[in-house]
Structure formats: structure tokens, C-alpha cells
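Residue numbers start from 1 in every chain, and the chains themselves are labelled A, B, ... in the order their sequence lines are given, proteins ahead of strands. Atoms considered below: every heavy atom in the structure, side chains included; atoms not considered: hydrogens, waters and symmetry mates.
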2 protein chains.
Amino acid sequence: MKPNIQHVAELAQVSKATVSRVLNDNPQVKGEIKERVLRAIEELNYRPSSIARNLATNRTNTIGLILPDITNPYFPVLARGIEDAAHRLGYTLFISNTDNDPKLEQDIIYKMVEQQVGGIVLISSTLDEKTVNDLTSLRTPIVLCDRLIENRPFDAVSIDNYRAAQEAVRYLIGQGHTRIAHLAGPKNIQSAVSRRAGYVDTMLAANLEPFVSVGTFSYESGVHQMGDLIDEYGPTAIFAANDLMALGAMHEIYRRGMRVPEDISIFGCDDIAFCAMSRPMMSTISIPAYQIGVTAVQLLDDKMKGVRSGSKNVILEHKLIHRESCNGVDRK
Amino acid sequence: MKPNIQHVAELAQVSKATVSRVLNDNPQVKGEIKERVLRAIEELNYRPSSIARNLATNRTNTIGLILPDITNPYFPVLARGIEDAAHRLGYTLFISNTDNDPKLEQDIIYKMVEQQVGGIVLISSTLDEKTVNDLTSLRTPIVLCDRLIENRPFDAVSIDNYRAAQEAVRYLIGQGHTRIAHLAGPKNIQSAVSRRAGYVDTMLAANLEPFVSVGTFSYESGVHQMGDLIDEYGPTAIFAANDLMALGAMHEIYRRGMRVPEDISIFGCDDIAFCAMSRPMMSTISIPAYQIGVTAVQLLDDKMKGVRSGSKNVILEHKLIHRESCNGVDRK
DNA sequence: ATGAAAGCGCTAACAC
DNA sequence: GTGTTAGCGCTTTCAT
């Protein structure tokens, strides 16, 4: 039979309360007694039940992570940042994928709340006005990643996607490109929308005509959209809303017997690991995914400990990474 | 204040037991009463506490996933298989990374047991004899992925790594290669050891001299070891113990002005997504990672439900994927 | 410094 | 069919 606190108490000839005190490092337990309890615990190979403890204290040491798809190479490093930070703070982490399905996402949030998670890190783009309001009444602290939200009691951490796109486009313009197309992400994903806006505005400001093709953030959509782009527009450079599509675009370019960057330059976004493994290596915007994760958990921890109320949007710095996939038109 | 079952009972003018019954879909609650309870639940926006429920039933609907590093591209799809299957069966999933640190791994296992997880999916290679015995006394069902274990009450699911390596090497030999080197993985990782043995034995059986260089399974180690291999051995083909190293090797070959497969053929293992995105696309052994995950959870579920006792090793089928990174020597 | 006892929110006999 | 009641294993006043 699995030992409980009562068994330990009996073996050590003390009360349950005392056992509980040593379990919680309460300093007012006398050394000798503490020894006895510790020995009993050892002898019985006793492990306290955190379920029971949670029920008694009405707190759990768990947090939940809800994300679209761990299989998308951008997320594992974010998730790792979250896990590491959570672990460091003594939390264990629930994880669940949503595939960007709003209904599923809701269900998972509620399920995690039922599990009494202390807080939730939510990576979502499908949140509509109504859902957000429901969440507000939830009492469980939530922090959003990669999506800012105004006037809501949620913390959020992300980068400035608009400015990131702006820098990417300026970089391409600086190289002499004028026919720069944009491989955009889904219209319902906020980061994709911001990047697109940054692209369009920057093109316009430079008196260049924007040309956008919208994809799904997947590699396959990158190859497919790229084919269309070549047929319909003939760009000399592409700014893709994420690296996966950029990689797909590159693939299609080579498949058609052209080269990167000699014929077409490609610029991505995210800086997933493969960017440095592809040939040519992909120039891109580096997003501090790991740090976003760590920051999210810190914000959550503050909220859970009641250190801070109100909401806070933190914007982390991105970085333009110059590698091999872009080249000036003049050098052709 | 957060509503509990008592509040619902009062509002619906029934007993807690009745509320509990409708919560658990007990059919013997009369329609009208059930309606009333449901309305009360709705009105109070009541969510049952699974903590309390778990304590009362002495079961939890959680399982734990312990893996080396979610950031390694092989693991996300395995994890996804596990999450999907867990979700389908009504479990929520804990996740934790170990970085292959045996001490940390132990701690995490115990921590999860304290959390009262119903079972654990463990992807580990560092398990020594003693640890395994400790785990045996744990009562919490454990299923191992990518590592078989003999005479232990653990289930395990994996592929036949020895045979996979054998097929890879035969494939290369079949193309006319004789100077085939092996980029091996860490010596303490079972799958790496089996692949190496499969390589060595198959080479010997063909009267070819094996040449192995041991790496760490990382991309960087692939580039580094490949440099040494070229300098010290001059292979015409490489069988790498995983794709990441294969990709690194490919990178180094191009950096030195040589080509794949024209100068050196590369064969990987795992079939991570990037194998189909690299140029040339990587030939490799496809491991059914998603299916391994799903199977692991099914085994765990059986054990947790007491359907089956004793242990079971299941071996899933791998597949040789022919792409572009290998070429016959005669065609050079 | 230690113990007794009440409760955390739910389930599960058992009784009616 | 529904209510009563006794726990599940722990924490936490409150006494002593």
C-alpha cells in the first residue's frame, strides 16, 4: 500500500501536523524530531501527494502551455524557454496543441482551468473579442505570446512585427531591389497581419508597388505561392512572413532551374534552426523565441504571486540576420 | 468567490450527490432534476475541480512525457503523437525536458509521480540498471520510447535500429560504395549503439572495412566530424546515425567545394521534416515517430486501466526513403 | 515546539 | 431516483 502522511506520523511517533511541518521546511521543528520524521519518510519511501496538498492549499504548482502545433519549428524553442523557466520556478508544465482551432482552444483552456493550473501561457491568434471577455472572468492568469492585446487584463510578450517587416523590406530595397513580393501568412494570425502591413507601408513609402501572395505559413504553401509569384509577377526579391514559406519558395526557385540569390533573393522571418542549415543559408529576422518564453513565465509568475495587477505588454528586440540568400540586383 | 459543488446543489435545490451524478453523466438522474442542475451550473459558471475529484477517486487523468529536448527536430512529431493520443483518451499531458541528464531525469520522474500522473512516457537512454529497479517499485506505469528493455515490467516501443542501419548500409553498398564511413551517435544512447552495430556488422559481412567517427547527434558535430572524416579517411559515402548530423556533414562537404552526391553520398536516419527541404534532398530511414507516440500512449492506457499486466515490446516498421543525396560510385 | 481537529471539493457507499 | 455521510491526504488554525 502506498504510504501516506499518517503512516509516517505513526512510525515517527509524532502527529500528522509535525510531519507536514517538516515536509514544508517549517523551521520550528526541533532537530531530533525532524530527524525521526525524515528517517520514517526514508524508510517508507514516502512521497507526499501533491493532489492532496493542492486541495488543502488551493494552489497548484502547475502552469499550462497552449500552442498551435509543436511540430512547427518555431515553437519548440519557445516551448523550451517556457519549460525551463517554469521548471526553475518550481512549476510543472501542461502542454496542448490547438492547430489554431478556436473551439478546441477554448475547450483546452477550460480543461486546464479545471485542472487548477495556476496560470496559462497562451499562443493564440484566433482569440476573438467574446472569447477574450470570457477568459477575463476566469480568474486564472493568462499571458499571451506573439500577440498583443489592448485594454485587457492579460500580459503579453512579443516582438514588433511591423517594424521587423519594415527593416526586412528596407534591407531588400537597400540592395537595389524594386520588385519585392511578400509571401504573407494567414489573415487571422496577428503577427502575419502586422508583417504584411509593415511590408505594404514600407513599399509604398518608397514609391514601390506592393505585391502580396497569401499562404498558410507552411513549407508547401511557400513552394506553391512561389510558383504563382514567378508566373504572375516576376519578383527579384521575396520577403516571406516566416522561414518555412521562405524555404519552400527557395525550393521552388531551384526546381525551376533558377538560383538564390542570383536570380531571386529570399528573406525570411523567425530564424528557425534550418535557416543556418540550408544552402544558401537564409537571411531572416531573428525572433528571440526562447526569451519570449522565459519572459512569459516570469510575467505569469508575478501575476500568480500577486506581485502585480493590471496588464503589461512587453516587446522584445528582434534582429536582422544577414546570411546568403539575398544579394543586390546590381551584382547580378 | 469561485463556486463549488455545494453552491450548485443549493441553487438547484438538490444534494451534492445529485450534482456529482450529473457531472459524471450518471444516467439515473431524472430529466427534470438534471435540467435544474445543468441550469445552476450554467448560471454560476461552475467548473468542477479536478484536484478534488482526483483526491476523491485516487486517479488522475494526466500522463507525463519526459524527453531529452523538444528542440531536437525528431521529438516534436513524437510528442505530437503522444499529445494527440492522450487528448483523444481524455488525458492531459505534462511535459519535461531532461537534456539527457540522468540525475535530472530521476528528479522529474519522481516529481511527476508526486503529481499523481497516471502514467509516464519516458524517452530516455540514460537509464541504468539501478534506476530501472527503483522505477519498478514505483507503481506508476511507464512506457519507454526508442529504447527496448529486457525482463522488466515496462512496455517499450521503438523500431529495429540494427536492421535499419543494415538496410541503409546495404543500400549504399548496392550503389557500389566501398568506402562507407559511419557518423555515430553518443555511446550511451541505445538507438545510436544499435545503429552503429548494424553498420559495423553489415560492413564486415560484405568484407568492407568499417570506419566510425562518433558525434553527439547535433548538426554541429556533423559538420565537425565530417571534416575529420574527409581528412582522415576519404569516404565516398556516409551513413549518419541521425539526420541532423547528416545535414551537418552535407554542409561541410559543400563548404569544402565538393558536392553531394557527386563527390560524397550522404544517408541519414529519422526522416525529420528538413530532409525533404534540403538541397539535395536527403535519403534516409523514416522512423514512424508519430505512430510511436500514439502506440506508447495506447500501451500506457491499457496498463492504467489494468487491461494488461506484464511487459510488451513493440517494434514498428521503419522505411528506407530514397531521395537525392546518394548516388552510385559508377555514375561519377 | 507539538498536537487536535476542522476543512479543501469532490466521490461513493449506503440508506431511504 | 435522491439524500446522508464518511472519507481521499494534506494544511492550518488554535490550543497547549
request  = Give one of base, sugar-phosphate or nothing for I33(A), where a contact means two heavy atoms less than 4.0 Å apart.
outcome  = sugar-phosphate
request  = Round to a whole Å and report the spacing from CD of Q28(B) to P of dC14(C).
outcome  = 15 Å
Residue of the set T295(A), D84(A), L78(A) for which side chain to side chain contact (heavy atoms under 4.5 Å, CB included) holds with Y290(A) = D84(A)
Closest to the L55(B) side chain, choosing from dG3(D), dC10(D), dC8(D) = dC8(D)
inquiry  = Measuring from the side chain of N24(B) (C-beta onward, heavy atoms only), which nucleotide among dT11(C), dG3(C), dT11(D) has the closest atom?
reply    = dT11(C)
task = Measure from the side-chain heavy atoms of V29(A) and tell me the nearest of dC8(D), dT2(C), dC10(D).
result = dT2(C)
ask   = Quick check: does any side chain N or O of D302(B) sit under 3.5 Å from a backbone N or O of V307(B), one acting as donor and the other as acceptor?
value = no
request  = Report yes if the side chains of P68(B) and D99(B) come closer than 4.5 Å at any heavy-atom pair, otherwise no.
outcome  = no
request  = Whole angstrom is fine here: how far is it from CD in E10(A) over to C1' in dG3(C)?
outcome  = 14 Å
Heavy-atom check, side chain of Y46(A) versus side chain of K2(A), under 4.5 Å = no
ask   = Could you state the CD-C1' distance from Q6(A) to dG3(C), rounded to the nearest angstrom?
value = 12 Å
task = For K34(A) and for S50(B), find the nucleotide of DNA chain C with the closest heavy atom, then tell me which residue's nucleotide is more 5'.
result = K34(A)
ask   = Which part of the nucleic acid, if any, lies within contact of T57(B), taking any heavy atom under 4.0 Å across all strands shown: a base, the sugar-phosphate backbone alone, or nothing?
value = sugar-phosphate
ask   = Between R59(A) (CZ) and dC10(D) (P), how many Å, whole number?
value = 15 Å
side-chain N/O T18(B) vs dT2(D) OP1/OP2, d < 4.0 Å = no
message = For T71(A), is there any backbone N or O sitting under 3.5 Å from a side-chain donor or acceptor partner on D69(A)?
response = yes
message = From C-beta outward on K16(B), which listed nucleotide comes closest to its side chain: dG3(C), dT11(C), dG9(D)?
response = dT11(C)
query = So what does V19(A) hit on the nucleic acid, given a heavy-atom distance under 4.0 Å: a base, only sugar-phosphate, or nothing?
reply = nothing
Candidate nucleotides dC10(D), dT4(D), dC10(C), ranked by approach to the side chain of S15(B) - the nearest = dT4(D)
query = Going by heavy atoms in the side chains, are L135(B) and F154(B) under 4.5 Å from each other?
reply = yes
inquiry  = Measure CG/N54(B) against C1'/dG9(C) and give the value in whole Å, please.
reply    = 11 Å
query = Which nucleotide in the set dA12(C), dA1(C), dC10(C) lies at the smallest distance from any side-chain heavy atom of K30(A)?
reply = dA1(C)
ask   = Among the nucleotides dG9(C), dC10(D), dT4(D), which one has an atom lying closest to any side-chain atom of A52(A)?
value = dC10(D)
Atom pair distance, as rounded to whole Å: CZ in R53(B) and P in dG9(D) = 18 Å
remark   = Side-chain contact check for A17(A): nearest option of dG9(D), dC10(C), dA4(C) is dA4(C)
task = Would you mind classifying the nucleic acid contact of N58(A) as base, sugar-phosphate or nothing, using non-hydrogen atoms under 4.0 angstrom?
result = nothing
request  = Check every atom of dG9(D), dG3(D), dT12(D) against the side chain of R21(B) and return the nucleotide holding the closest atom.
outcome  = dG3(D)
Whole-Å distance separating the CG atom of N26(A) from the P atom of dT12(D) = 10 Å
Atom pair distance, as rounded to whole Å: CG in D25(A) and P in dT12(D) = 14 Å
side-chain N/O S20(B) vs dT11(C) OP1/OP2, d < 4.0 Å = yes
query = Looking at the side chain of V14(A), which of dC8(C), dG3(C), dG9(C) is the nearest nucleotide?
reply = dG3(C)
